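Predicted model only: the values in this text are computed from it and were never measured.
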Amino acid sequence: MTIDTQSLKAFFESQLPPGLEMLRQMVSINSFTLNRDGVNRLGKLTAHCFTPLGFQPEYVPSSNPDLGNHLVLTRPGRSNKSLAMVSHLDTVFPPEEEIANNFHWQVEGDHIFGPGTLDIKSGTVMMWLVLTALRAKAPQLFEDVTWKLFWNSSEECLSPDFEHVVRNRLPARTTAMLVFEAENRQGPNRLMVAARKGRITWKVTVNGRGAHAGGNLKHGASAVTQLANLVQRIEGMTDFAKQLTFNVGRVSGGTVLNRVPHEAVAEGEFRAFSPAICDEAKAQLLGLAGKGDVRSRADGYPCEVSVEITSESRPWPRNSATDRLLTLWANSGRELGTSVLAEDRGGLSDGNSFWDLVPTLDGLGPWGDNDHCSERSPDGSKLPEFVEISSFVPKAMLNTISILKLLS
Ligand SMILES: [Zn+2]
């Protein structure tokens with residue numbers, strides 16, 4: 001079905017003020033991942049915003065009792081068609097940080113600054129705008145489709161249970177999974193997310209042999225020296241040609257200064273787009289385990305190296321199902337006179353968990369910048385997270401027209 005773009009534009013312009021009021025209320029609730037009560041309050045408010053559209057809420061407790069409830073909203077349809085949308089409730093800003101940096105809802109020209117304005121409360125408002133338009137402009141289709149909306153309570157810390165919450169509730173043959181993280185821009189081009197790197201975190205522990213640094217140095221096997229060698233080797237595993245990056249994020253080791261250190265630990269992560277390259281890199285990292293090359297100069301006692309994989313978020317590689325969605329969005333963009341391109345992003349989202357289950361596209365949110373930053377410097381060289389007001393209507397049009405094409 002087709003829709004008159006002029007009347008759709010006018011519709012969104014009329015719905016933007018209530019949408020922005022909704023955003024203001026959402027931003028005024030601190031929903032830092034570890035602020036369980038705040039996340040739960042935002043979940044309630046979000047459910048309340050979608051009630052007039054006919055959605056029923058389900059609050060699903062996180063497997064980690066310190067985290068808030070995931071939110072699932074459902075509107076059953078008359079046909080067996082269904083579409084899923086994904087956002088999250090949490091932000092990366094603790095309440096004390098918001099206060100310390102005077103970081104709150106602040107409208108300046110075309111920008112709205114504030115915690116979560118971009119990541120990702122404006123994405124939630126975008127979902128509301130699109131569904132409101134579909135109900136008004138394509139009521140038949142709106143009634144026919146089963147709409148499943150999912151909010152992760154703790155996306156920013158990659159809680160592993162959300163994947164199961166979604167998988168257990170996703171209707172069979174769901175047409176697509178649309179993730180409402182912010183879009184990116186490259187000149188006049190809108191960038192939607194068609195792939196994301198996987199992220200594997202690891203911990204390397206070295207056990208050496210302690211010894212008196214003054215009287216018996218030769219007897220020692222220095223865990224710190226061994227770890228230093230390993231850090232160099234791990235950093236050296238980065239291969240930009242394979243889009244594989246290793247980062248040693250934290251090191252510690254030793255105790256007092258007159259002891260040859262007996263233990264040292266490094267922790268870090270690596271990322272890649274390709275599952276095969278991730279597997280290869282993991283094998284290479286695990287291959288560092290065993291006897292080290294740093295040994296006691298008295299008797300050859302070697303340092304012992306152990307390697308642990310501490311978490312795994314699998315990659316979302318470029319794939320034909322995502323590319324088909326992208327083509328659809330790009331075609332709608334052409335009709336609207338904007339260019340839509342794909343971006344392969346290094347950061348993770350919930351899309352990483354679902355692309356192999358259902359065709360997934362990410363980046364459906366509006367545009368803004370400086371996400372995850374709360375600071376502002378007097379000279380303006382450091383600005384906090386903001387969303388651009390004028391990016392809502394064009395993106396809502398793009399999303400709505402694309403969803404109509406997808407479901408018709
Ligand atoms: Zn996000």
Side-chain atoms of residues 119-128: list all donor-acceptor pairs with protein atoms under 3.5 Å, sequence neighbours left out, distances to 0.1 Å.
{"residue": "Asp119", "atom": "OD1", "partner": "His88", "partner atom": "NE2", "Å": "3.0"}
{"residue": "Asp119", "atom": "OD2", "partner": "His372", "partner atom": "NE2", "Å": "2.8"}
{"residue": "Lys121", "atom": "NZ", "partner": "Met26", "partner atom": "O", "Å": "3.0"}
{"residue": "Lys121", "atom": "NZ", "partner": "Ile29", "partner atom": "O", "Å": "3.1"}
{"residue": "Lys121", "atom": "NZ", "partner": "Ser31", "partner atom": "OG", "Å": "3.0"}
{"residue": "Ser122", "atom": "OG", "partner": "Thr117", "partner atom": "O", "Å": "2.7"}
{"residue": "Ser122", "atom": "OG", "partner": "Leu118", "partner atom": "O", "Å": "3.4"}
{"residue": "Thr124", "atom": "OG1", "partner": "Ser87", "partner atom": "OG", "Å": "2.9"}
{"residue": "Thr124", "atom": "OG1", "partner": "Trp151", "partner atom": "NE1", "Å": "2.9"}

Q: Test Glu181 against Ser349 for side-chain hydrogen bond (donor to acceptor under 3.5 Å, both in side chains), laying out the working first.
A: CA-CA 8 Å; Glu181 294 284 353; Ser349 83; 5.3 Å; no
Heavy-atom count check: over 12 atoms from other residues, nucleotides or ligands less than 6.0 Å from [X] [atom1]?
X: Arg297; atom1: CZ; answer: no
X: His164; atom1: NE2; answer: yes
X: Gln140; atom1: CD; answer: no

Q | Phe93: ring pair (Phe, Tyr, Trp, His ring centres under 6.0 Å) partners, not counting sequence neighbours | A | Phe103
Q | Test ring pair (Phe, Tyr, Trp, His ring centres under 6.0 Å) applied to Trp147 - qualifying residues, sequence neighbours left out | A | Phe142
Calculate, to the nearest 0.5 Å, the distance between atoms [atom1] and [atom2] belonging to [X] and [Y] respectively.
X: Arg334; Y: Trp329; atom1: CZ; atom2: CH2; answer: 14.5 Å
X: Asp110; Y: Phe386; atom1: CG; atom2: CZ; answer: 9.0 Å
X: Leu34; Y: Cys157; atom1: CG; atom2: SG; answer: 6.5 Å
X: Ser153; Y: Leu71; atom1: OG; atom2: CG; answer: 10.0 Å
X: Leu404; Y: Ile401; atom1: CG; atom2: CD1; answer: 7.5 Å
X: Leu53; Y: Thr132; atom1: CG; atom2: OG1; answer: 4.5 Å

For [X] against [Y], the heavy-atom pair lying closest together:
X: Ser339; Y: Asn189; answer: OG-OD1, 2.6 Å
X: Leu141; Y: Ser408; answer: CD1-OG, 4.1 Å
X: Asn69; Y: Val39; answer: O-CG1, 4.4 Å
X: Asp379; Y: Ser377; answer: OD1-OG, 2.8 Å

Q.
Less than 4.0 angstrom from a charged side-chain N to a carboxylate O is my criterion; do Arg345 and Asp362 meet it?
A. no
Q. Hey, are Lys197 and Glu269 close enough for a salt bridge, meaning a charged N less than 4.0 Å from a carboxylate O?
A. no
Q.
Just by distance, no angles: are the side chains of Glu343 and Asn184 close enough, under 3.5 Å, to form a donor-acceptor pair?
A.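 On atom types as modelled, these side chains qualify, holding a pair under 3.5 Å.
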Side chain to side chain, [X] and [Y], heavy atoms closer than 4.5 Å:
X: Ile403; Y: Leu134; result: yes
X: Thr33; Y: Leu67; result: yes
X: Ser62; Y: Asp161; result: yes

**Q.** Axial cation check for Phe273 ring with Arg196, 6.0 Å and 45° limits
**A.**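 That pair does not qualify as a cation-pi contact.
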For a quick test of your reading: what N or O donor-acceptor pairs under 3.5 Å do the side chains of residues 279-292 make, sequence neighbours left out?
{"residue": "Glu280", "atom": "OE2", "partner": "Lys242", "partner atom": "NZ", "Å": "3.0"}
{"residue": "Lys282", "atom": "NZ", "partner": "Glu312", "partner atom": "OE1", "Å": "3.1"}
{"residue": "Lys282", "atom": "NZ", "partner": "Glu312", "partner atom": "OE2", "Å": "3.1"}
{"residue": "Lys291", "atom": "NZ", "partner": "Glu304", "partner atom": "OE1", "Å": "3.4"}

Pair listing, salt bridge (charged side-chain N to carboxylate O under 4.0 Å, His left out) test, anchored in [range], at least two apart:
range: residues 230-240; answer: none
range: residues 388-401; answer: Glu183-Lys395, Arg185-Glu388
range: residues 64-90; answer: Arg75-Glu143, Arg78-Asp144

Donor-acceptor pair, [X] side chain versus [Y] backbone, under 3.5 Å?
X: Asn399; Y: Leu364; value: yes
X: Ser222; Y: Thr225; value: yes
X: Arg24; Y: Leu20; value: no
X: Thr146; Y: Gly77; value: yes
X: Ser402; Y: Leu398; value: yes
X: Asn370; Y: Cys373; value: no
X: Arg295; Y: Pro302; value: no
X: Ser14; Y: Phe11; value: yes
X: Thr201; Y: Arg199; value: no
X: Ser274; Y: Ala276; value: yes

Q | Listed partners of Lys44 passing salt bridge (Lys or Arg N to Asp or Glu O under 4.0 Å), at least two apart | A | none
Q: Applying salt bridge (Lys or Arg N to Asp or Glu O under 4.0 Å), name anything that partners Asp369, two or more places apart in sequence or on another chain.
A: none
Q) Lys148 and Thr74: side-chain hydrogen bond (donor to acceptor under 3.5 Å, both in side chains), yes or no, with the steps? A) CA-CA 5 Å; Lys148 278 286 195 186; Thr74 304; 2.9 Å; yes
Q: Identify the residue among Ile234, Val251, Val248, Val231 that makes a side-chain contact (heavy atoms from CB on, under 4.5 Å) with Val204.
A: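 Only match with Val204 under side-chain contact (heavy atoms from CB on, under 4.5 Å): Ile234.
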Q. Under the salt bridge (Lys or Arg N to Asp or Glu O under 4.0 Å) criterion, do Arg314 and Asp356 qualify, and how do the steps go?
A. CA-CA 11 Å; Arg314 59 179 185 280; Asp356 52 353; 3.6 Å; yes
(Q) Applying ring-ring contact (aromatic ring centres under 6.0 Å, His included) as the test, list every pair that has at least one member in residues 56-76; sequence neighbours left out. (A) His70-Phe162
Q. Which pairs count as ring-ring contact (aromatic ring centres under 6.0 Å, His included) when at least one residue sits in residues 236-271, sequence neighbours excluded?
A.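 For residues 236-271: Phe246-Phe270.
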Q. Would Asn352 and Ser313 count as a side-chain hydrogen bond (donor to acceptor under 3.5 Å, both in side chains) if you check the C-alpha gap in whole Å, the side-chain angles of each, and the deciding distance to 0.1 Å?
A. CA-CA 7 Å; Asn352 287 63; Ser313 301; over 6 Å; no
Q: Would you please name every residue forming a side chain to side chain contact (heavy atoms under 4.5 Å, CB included) with Ile99, sequence neighbours left out?
A: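 Scan of Ile99 (side chain to side chain contact (heavy atoms under 4.5 Å, CB included), adjacent residues dropped) gives none.
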